[in-house]
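Sequential numbering from 1 along the given sequence is applied to the chain's residues. We count ligands from 1, going down the list as the structure has it; atoms in each ligand are counted the same way.
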Amino acid sequence: MSTDVEKNKYIFPKDFWWGSASSATQMEGFSGAEGKGKNIWDYWYETEPNRFYQGIGPDNTSQFYTKFFEDIQLMKETGHKSFRFSISWSRMFPMGRGDINQKAIDFYNTIINTLLENEIEPFVNLYHFDMPMAMQDEGGWESRSVVEAYVEYASTCFEHFGDRVLKWFTHNEPIVPVECGYLYGHHYPALCDFEKAVQVGFHSVLASAKAIQVYRDKELGGKIGIILNVTPSYPRSNHPADLEAAEKADLLFNRSFLDPSVKGEFPEKLIDMLRVENFLPKYEAEDLDIIRKNTVDLLGINYYQPRRVKEKENMPNPNAPFMPERYFDNYDMPGKKLNPYRGWEIYEKGIYDILKNIQQNYGNIECFISENGMGVESEERFKDTNGVIQDDYRINFYEDHLKWVHKALNEGANVKGFHVWTFTDNWSWLNSYKNRYGLISVDLQNDYKRTIKKSGYWFKKLVDNNGF
Ligand code: BGP
């Protein structure tokens, strides 16, 4: 008689890190309570609620702040071996620095202890798009003093939680606040200013290196890394003009963080591009040395969609604000597979290409898939008579990506785990609750009631069998 395990084709190594990822602003709730200070999301919602889908703001999230006991039990039920959450900087330090909020320390201590009691390893991220408003008033990542405040905050987290947390991350997708906050208007302060964007990017890299340095000095015995959305840039064709466009997009959006984080230096070609355009950031003499000496131990890779580019066809008005798109046009591939709700292309092989790139060009550094997922609108339509959402599309999405992860692994990629985005349906920035990503649904109309979806049961089986 064949067992389940024998039937499985895609078996992963022992101790593979199966779990999910989340972020403070997207799940905690109580955004103006329990001593927490405002972050940019609280402020933005207060001042421009119309920007948020159906006017739902960051206070009205899945309420992990009070429901975490139930949630951690659900993690257990769905097979989690690890769970990534982020610490809210403005919950720890309501003003960004100075007075610390004891309730925040108690809260995160309880989360960490409860996870460990349930044999779920906490992976802790320090920054997930959530600048404290007091720090934004000082210029956010544009400002050097904010870099110092962040390092103080990181150091405090290591001191309080570093005896039990052995996997730390300095940032989640640090290119996103650069793009969304300083180029395309999706995050506060919603500017369009390439010079500031470059400075914000540089300071985020510097903040990461400085936090790594502080972590290492404390000799706490864990690992520290960064989480990047290493979206591959695929050229429309092999024509040299398309190849060059893809290389430029890759330099700006991927290698700007990947190279300094893993190799300790910015790519020469990127520096040249910025120099030619007169957009090099301001920095101090010792910064490059700090970045060189403090590279990551571990790389988290978030993957949702590829980037496709082609040669720039029409040159923009030279007097218009400088945008990265001066170097390339985005290319919409005909017949692409699409998640229509989020508007993102689904290209499973992208996850393999990233892993191979890390294997071949980044010293095969230890890495894991730190986010992958599919957001779907109006998921209630897939509820069965027992109220369970039959999200087969999500199961297929994960399996189709995991097959490529498995192939990379077989070819020697140093990939240690797979975290789905996300655990419970959560609040998605400007999209609020439009698209649901969870293994577990949250009913906003019924006291945030949690119900495991079909994908949650699938995930449990996946983890139990260590594959599928
Ligand atoms: C990633 C972020 C997450 C999450 C996810 C889904 O880029 O790290 O915070 O939100 O994308 O995107 P969205 O919520 O915009 O649909």
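- Here H160 and Y108 keep their ring centres 6.0 angstrom or further from each other.
- Atoms of ligand 1 found under 4.0 Å from any heavy atom of H128, numbered from 1 in the order shown, are 2 (C), 3 (C), 8 (O), 9 (O).
- Annotation: W141 is in aromatic contact with Y127 [ring centroid separation under 6.0 Å].
- Nearest non-hydrogen protein atom to atom 15 (O) of ligand 1 is R342 NH2, 2.8 Å.
- Looking from atom 14 (O) of ligand 1 to the surrounding protein, the closest heavy atom is S428 OG, 2.6 Å.
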**Prompt:** Are D425 and Y448 close enough, and set up right, to give a side-chain hydrogen bond (donor to acceptor under 3.5 Å, both in side chains), and what steps lead you there?
**Reply:** CA-CA 10 Å; D425 287 342; Y448 306 92; over 6 Å; no
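- You'll find the ring centres of H203 and Y150 outside the 6.0 Å limit.
- Distance from atom 5 (C) of ligand 1 to its nearest protein heavy atom, with residue and atom name: Y304 OH, 3.4 Å.
- Only the side chain of N172 comes within 4.0 Å of ligand 1, counting heavy atoms alone; its backbone N, CA, C and O stay farther away.
- The protein heavy-atom contact nearest to atom 16 (O) of ligand 1 is Y437 OH, 2.5 Å.
- Under the 6.0 Å distance and 45° angle rule, R307 counts as a cation-pi partner of F253.
- Of the protein's non-hydrogen atoms, E371 OE1, 3.2 Å is the one closest to atom 1 (C) of ligand 1.
- No cation-pi contact links K337 to Y347, judged by a cut-off of 6.0 Å to the six-membered ring centre and 45° from its axis.
- To the nearest 0.5 Å, atom CD of residue E28 and atom CD of residue E34 are 11.0 Å apart.
- For the pair Q26 and ligand 1, the shortest N or O to N or O distance falls below 3.5 Å.
- For ligand 1, the atoms lying closer than 4.0 Å to a non-hydrogen atom of E173 are 1 (C), 2 (C), 7 (O), 8 (O).
- Listed by number with element, the atoms of ligand 1 under 4.0 angstrom from any heavy atom of W344 are 12 (O).
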